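Read through the structure below, which is laid out as structure tokens, and then see the notes.
Treat the numbers as computed from the prediction; the structure is a model and nothing was measured.
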Amino acid sequence: MARNKYNVDEVLETPFDIKHLKRSFKYIKKHGKKMIVALILSILSAVSGLLGPIITQYALDVTIPKGKDGVLELIGLSILLIATILISVIFSNIRSRIMTIVGQDIIFEIRTDLFKHLQELPFEYYDNRPHGKILIRVVNYVNSVSDMLSNGLINLVLELLNMFFILIFMFFVNVELSLVVLAGVPIFVVVMLIIKKVQRKAWQMVSNKSSNLNAYLQESITGARITQVFTREDENAEILDNLSDSYRKTWIKAVKYSNMVGPSADVISIIVRMAIYGVGLLIISPAYITLGTIAAMTSYASSFWQPIMNLSNIFNNFINNIAYLERIFETLDEPPAIKDKEGAYELPKIKGNVSFENVTFSYEPEKTVLENVSFDVKSGESIALVGPTGAGKSTIVSLISRFYELDKGRITIDGNDISEVTLHSLRSQMGIMLQDSFIFSGTILDNVRYGKLDAEPEEIKKACEVVCASEFIEAMPKGYMTEVNERGSMLSGGQKQLISFARTLLSDPKILILDEATSSIDARTERLLQEGLFRLMEGRTSFIIAHRLSTIKNCDRIMYIDDKGIVESGTHDELIEKRGEYYKLYTSQHEEYAG
């Protein structure tokens, strides 16, 4: 099987780093009061539960031997025993409800922070990572970590207190037999250390395989059409079989180790209880050790191993989730390539004057794309960018939108340096339509409204009419209320672009950027669109990148981009008359279409 990003295990085998736990306290502090209440309820529940064996001991040793004289007392003790059990259950139930709410709140807060941050990360972040592995951090890892941050910390304190209370009650009942119970602790610790070491690695491997499987499933669903076009169904099924089989084997192995914990504790607990009977009845005088004492001690001995076992599980859970926390914080620490500078101000309502002043830019060091590029565009001008692939056309429009930082120079809009203004105030006044027309699941109306959330239905319809989208939309069964699937699978490429175009127009931008926006529109639709485009461009500064030169013939200025800068600039007629690079490109394309 080919080695791809989806079957490369994430490295989760990291040492326990307390700094990640300390950093997570910001989410815990918000719910401190609720967690303290839950802890108090837990303590009261635990203490109530521990009173049962003492009541039983008293009943066996004192009340029952009284015979008929002790009936009423026995009934009272029975009621008291039931009351302690009920109190323990009620307090435990209230505590569980409180911590369920706290856990869900923590999930909400971490996931919201992650989602907000992911939306600010640069395009490269998503290009270099399988989306399924990003998704598993936002969903699975957050779910797992939230339980550790809520119940885990309280349970840690609670189980330690449980052990402390049980020891107090045990030594109160009988010191010698309490020492017998404690003698089993070293054996249990050795067994748990052996099991936990392999158990931790096994569950980390399960997490790795789950991440790989999730990543491949997401990729396969997204690329289902390509799979069918190239008849890759069998090969993909084999890859999924291998990934699923790998997950199944690691999961079975992890469960096998986890299932060893309970029986091991049970065996040691049984041995200890046998030792209590043996020591109590054979070594210590039976007259000294009463039936009630034996009953109480065996009950406490059984209870004593539960918090120890729980503590080992909590520790193991902490170790695994610290690795998940690290991945979550690793994502949160991923620096946005572009962010507001300190002291950035809101860009005032713009007219649309754009200036490049000696702009130099490179995606990678020593690979300059643009070098000392300068030009001025007046408000309302339409500028077409043409040239060979990779020359820097899309780079220019991306820099206007400030998707990247410049190496040198500056770009201004109405005299405002775009690096000094807030990103939201800049991009909210621009209409940007890229070649990839993304359609969200929902109605067509909602997809167009994405460009202006408070738009009225009439505004939406008008925008669709301008870009010639209303005809095919109104021909659909439910018109604008027609439901479309994620990525617009039920729409043609041209229809998706027209909807995306209407979405862009609806925001009424002062600067309009069209990057190969008509690439999927057929010749007939393009001709219908021309008139609407020119009406739209009136009063707006427009930058257009188009493969078909017929789309940009009537632009105010055409810039031929190559060799790290602007090779030629002028109107269509001026550049044709000049017989330079644009002329060669135009005539070669004209001959291609004519042929």
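Side-chain atoms of T541 and N353, non-hydrogen and from C-beta on, never get closer than 4.5 Å to each other. Contact of the F356 side chain with the I566 side chain is not registered, since no non-hydrogen atoms from C-beta on lie closer than 4.5 Å. In this structure, Y345 and S425 have side chains that are not in contact, with every pair of non-hydrogen atoms separated by 4.5 Å or more. Side-chain contact between Y583 and E568: absent, with no pair of heavy atoms (C-beta onward) separated by less than 4.5 Å. Counting heavy atoms from C-beta on, the side chains of D515 and S398 never come closer than 4.5 Å. Contact check for I576 versus K578: no side-chain heavy atoms found under the 4.5 Å cut-off. Side-chain contact between I513 and S401 is present, with at least one heavy-atom pair separated by less than 4.5 Å. Between N212 and K209, some side-chain heavy-atom pair lies under the 4.5 Å cut-off.
Salt-bridge check for K462 with E465: failed, with every basic side-chain N at 4.0 Å or more from each acidic carboxylate O. No salt bridge links K510 with D414; every basic N to acidic carboxylate O contact stays at or beyond 4.0 Å.
When all heavy atoms of S382 and C555 are compared, the closest pair comes out as OG-CA, 3.3 Å. Residues G392 and I561 share a closest heavy-atom pair of C-CG2, 4.3 Å. The minimum heavy-atom distance linking M205 with T250 is given by the pair CG-CG2, 3.5 Å. Heavy-atom minimum distance, V359 versus L399: CG1-CD1, 4.1 Å. Taking every heavy atom of both residues into account, F361 and L406 meet most closely at CD1-CA, 4.4 Å.
The main-chain N or O of I413 is found under 3.5 Å from a side-chain atom of N416 such that the two form a donor-acceptor pair. Side chain of R410 to backbone of E357: no donor-acceptor contact under 3.5 angstrom is found. With R540 contributing its side chain and G352 its backbone, the two residues share no donor-acceptor pair below 3.5 Å.
Summarising the geometry, atom CD belonging to E459 is positioned 7.0 Å from atom CG belonging to D454; distances are rounded to the nearest 0.5 Å. Considering CG of N358 and NZ of K408, their distance stands at 10.0 Å, rounded to 0.5 Å. In this structure, L498 CG and L505 CG are separated by 10.0 Å, a value rounded to the nearest 0.5 Å. In this structure, the separation between CG on L423 and CG on L347 is 11.0 Å, given to the nearest 0.5 Å. Of the inter-residue distances, the one linking N242 atom CG with L213 atom CG reads 11.5 Å to the nearest 0.5 angstrom. The distance from atom CD of E109 to atom CG of D105, rounded to the nearest 0.5 Å, is 6.0 Å.
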Item to complete: Start with the C-alpha distance between F440 and R503, add both sets of side-chain angles, then the distance that settles side chain to side chain contact (heavy atoms under 4.5 Å, CB included), and finish with yes or no.
Response: CA-CA 12 Å; F440 298 91; R503 181 166 60 199; 3.9 Å; yes
Worksheet item: Given M559 and V373, is the side chain to side chain contact (heavy atoms under 4.5 Å, CB included) satisfied, shown in steps?
Response: CA-CA 12 Å; M559 295 181 184; V373 174; over 6 Å; no
Practice prompt. Evaluate the criterion side chain to side chain contact (heavy atoms under 4.5 Å, CB included) for residue pair L585 and Y560; output intermediate values, then yes/no.
Written response: CA-CA 10 Å; L585 181 66; Y560 188 94; 4.0 Å; yes
Worksheet item: What's the verdict on side chain to side chain donor-acceptor pair (under 3.5 Å) for D573 and T571, showing C-alpha distance, side-chain angles and the deciding distance?
Response: CA-CA 5 Å; D573 293 336; T571 65; 5.4 Å; no
Worksheet entry | Pair D333-R23, salt bridge (charged side-chain N to carboxylate O under 4.0 Å, His left out): steps then yes or no | CA-CA 12 Å; D333 290 340; R23 188 174 171 185; 2.5 Å; yes
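Y363 and T395 share a side-chain donor-acceptor pair at under 3.5 Å.
A salt bridge (charged side-chain N to carboxylate O under 4.0 Å, His left out) check over residues 381-394, counting only residues at least two apart or in different chains, returns the pairs E381-R557.
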